[in-house]
*Asks:* 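Just dropping this structure here.
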There are 2 protein chains.
Amino acid sequence: MAALPTDRLGFLLSFRGELTGARIRAALGVAGLHPRNAMTLMQLAPGAMSQRDLAAAMEIDPSQLVAILNELEADGLAERRRDPADRRRHIVEITEAGAAALGRIDTAVGEAERELFGDLTEAEQAVLRGLLDRVVVDPAHHECGE
Amino acid sequence: MAALPTDRLGFLLSFRGELTGARIRAALGVAGLHPRNAMTLMQLAPGAMSQRDLAAAMEIDPSQLVAILNELEADGLAERRRDPADRRRHIVEITEAGAAALGRIDTAVGEAERELFGDLTEAEQAVLRGLLDRVVVDPAHHECGE
DNA sequence: TATTGTTATACTCTATAACTATA
DNA sequence: TATAGTTATAGAGTATAACAATA
């Protein structure tokens, strides 16, 4: 759904955010990656971590991560290996092919951003970033929170 | 999913947009309305229209509108009546209770916006609005488009 | 034959609980 | 007994096609 009262700043931000997300997801698709798989790779970029920590970092349920990692492993982009120190744990790591995919992701997202924000100067983009950073994030009012 | 590279303006806008949308949906829920039902009422605010035109305005498939209008009618917030000029058509109209609900929606959304944008001055909110308006909307790159 | 609204179906996403293997 | 990962199941949301009534 879309197309409504953009005279409301909240709706405007919500709709433009959704549009931007859709544009980025499309770019990731062109780069050959399912959006959530790409997000997972990005999260793994800094270094290996346990499956549980990865799920926590992505703010998703550990059970949802299973299918994602199955796909990434099937595509040779990431690998799971047992933690010798605690054999219940899986250490998740990016492969060489995964690092290459990260490069393609970066290029595709950069291209999408150039299209989305091409009408703004660098200075204006910085202002937009600064204002967005000051939109209040109040966990107490999250949709699923209590 | 959330929590990722907000050093990318595209991701920042996408995530803040999603958060804002979630906050608004929560407000609509408090006002007693399912988000899509509230959106439908808002779309109907200017005046009655046919079910088909309503679906087109909301950019959803006509078949999805059926359940929404069933709920709105069950709650007494909107009414369908046959168009005498073309008995295939349904004219959809807001009821008095629906107008009252619109008032509650407006209050709830206003409250949510005060929380979300409370750290920004009126002038800054205007700047944010102006910048968001210039983010490129390119239908050719829509997720589901060809 | 084309159009309006409706129903039915399937597919994705997500949320939850139960299960296993290790600790 | 508690924890990490997995599996299974159910629910919401959405997209598509087939259908009945009317034009």
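We use all heavy atoms of the structure for the numbers below, so side chains are in, but hydrogens, waters and symmetry mates are not.
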*Asks:* Please report the distance, rounded to the nearest Å, between CD in Glu59(A) and C1' in dT14(C).
*Replies:* 15 Å
*Asks:* Mind checking salt bridge (charged side-chain N to carboxylate O under 4.0 Å, His left out) for Arg80(A) and listing every partner two or more places apart, or none if nothing turns up?
*Replies:* Glu73(A)
*Asks:* Let me check something: do Val92(A) and Met49(A) share a hydrophobic cluster, defined by ILVMFWY side-chain heavy atoms less than 4.5 Å apart, either directly or through other members?
*Replies:* yes
*Asks:* Measuring from the side chain of Arg89(A) (C-beta onward, heavy atoms only), which nucleotide among dT7(C), dA4(D), dG13(D) has the closest atom?
*Replies:* dA4(D)
*Asks:* Taking only residues two or more places apart in sequence or in another chain, which ones pass side chain to side chain contact (heavy atoms under 4.5 Å, CB included) with Ile91(A)?
*Replies:* Ala48(A), Arg81(A), Asp83(A)
*Asks:* Excluding sequence neighbours, so at least two apart, what forms side chain to side chain contact (heavy atoms under 4.5 Å, CB included) with Glu124(B)?
*Replies:* Leu131(A), Arg134(A), Leu120(B), Thr121(B)
*Asks:* Rounded to the nearest Å, what distance is computed from the CD atom of residue Glu71(A) to the C1' atom of nucleotide dT6(D)?
*Replies:* 15 Å
*Asks:* Under the side chain to side chain contact (heavy atoms under 4.5 Å, CB included) rule, collect the residues that match up with Leu116(A), sequence neighbours excluded.
*Replies:* Thr20(A), Arg23(A), Val135(B)
*Asks:* Residues in salt bridge (charged side-chain N to carboxylate O under 4.0 Å, His left out) with Asp106(B), at least two apart?
*Replies:* Arg8(A)
*Asks:* Quick one: Arg80(A) CZ to dA4(D) P, roughly how many Å, whole number?
*Replies:* 16 Å
*Asks:* Can you pull out how bent the helix from dT1(C)-dA23(D) to dA23(C)-dT1(D) is, comparing the axes over its first five and last five pairs, to 10°?
*Replies:* 20°
*Asks:* Can you check the Leu69(A) CG to dT6(D) C1' distance for me, whole Å?
*Replies:* 12 Å
*Asks:* Between atom CG in Leu65(B) and atom C1' in dT4(C), what is the gap in whole Å?
*Replies:* 12 Å
*Asks:* Under a 4.0 Å heavy-atom cut-off, which of residues 45-54 of chain B touch DNA chain D?
*Replies:* none
*Asks:* Please identify each residue that fulfils side chain to side chain contact (heavy atoms under 4.5 Å, CB included) with Arg129(B), with sequence neighbours left out.
*Replies:* Leu9(A), Leu12(A), Asp133(B)
*Asks:* For Arg52(B), give me all partners under salt bridge (charged side-chain N to carboxylate O under 4.0 Å, His left out), at least two apart in sequence or on another chain.
*Replies:* none
*Asks:* Excluding sequence neighbours, so at least two apart, what forms side chain to side chain donor-acceptor pair (under 3.5 Å) with Arg88(A)?
*Replies:* Asp86(A)
*Asks:* Whole-Å distance between dA10(D) P and Gln64(A) CD?
*Replies:* 18 Å
*Asks:* For Glu79(A), give me all partners under salt bridge (charged side-chain N to carboxylate O under 4.0 Å, His left out), at least two apart in sequence or on another chain.
*Replies:* none
*Asks:* OP1 or OP2 of dA12(D) versus the side-chain N and O atoms of His34(B): is any pair under 4.0 Å?
*Replies:* no
*Asks:* Between protein and nucleic acid, restricted to nucleotides 17-23 of chain D and to nitrogen or oxygen atoms under 3.5 Å apart, what atom pairs and distances do you find?
*Replies:*
unit_1, atom_1, unit_2, atom_2, d
dA23(D), OP1, Arg87(B), N, 2.9

*Asks:* Nearest-Å distance, CD (Glu79(A)) to P (dG5(D))?
*Replies:* 16 Å
*Asks:* According to a hydrophobic-cluster definition based on side-chain heavy atoms being under 4.5 Å apart (Ile, Leu, Val, Met, Phe, Trp, Tyr only), do Leu132(B) and Val127(B) belong together?
*Replies:* yes
*Asks:* Distance check needed: dG13(D) C1' versus Ile60(B) CD1, whole Å only.
*Replies:* 12 Å
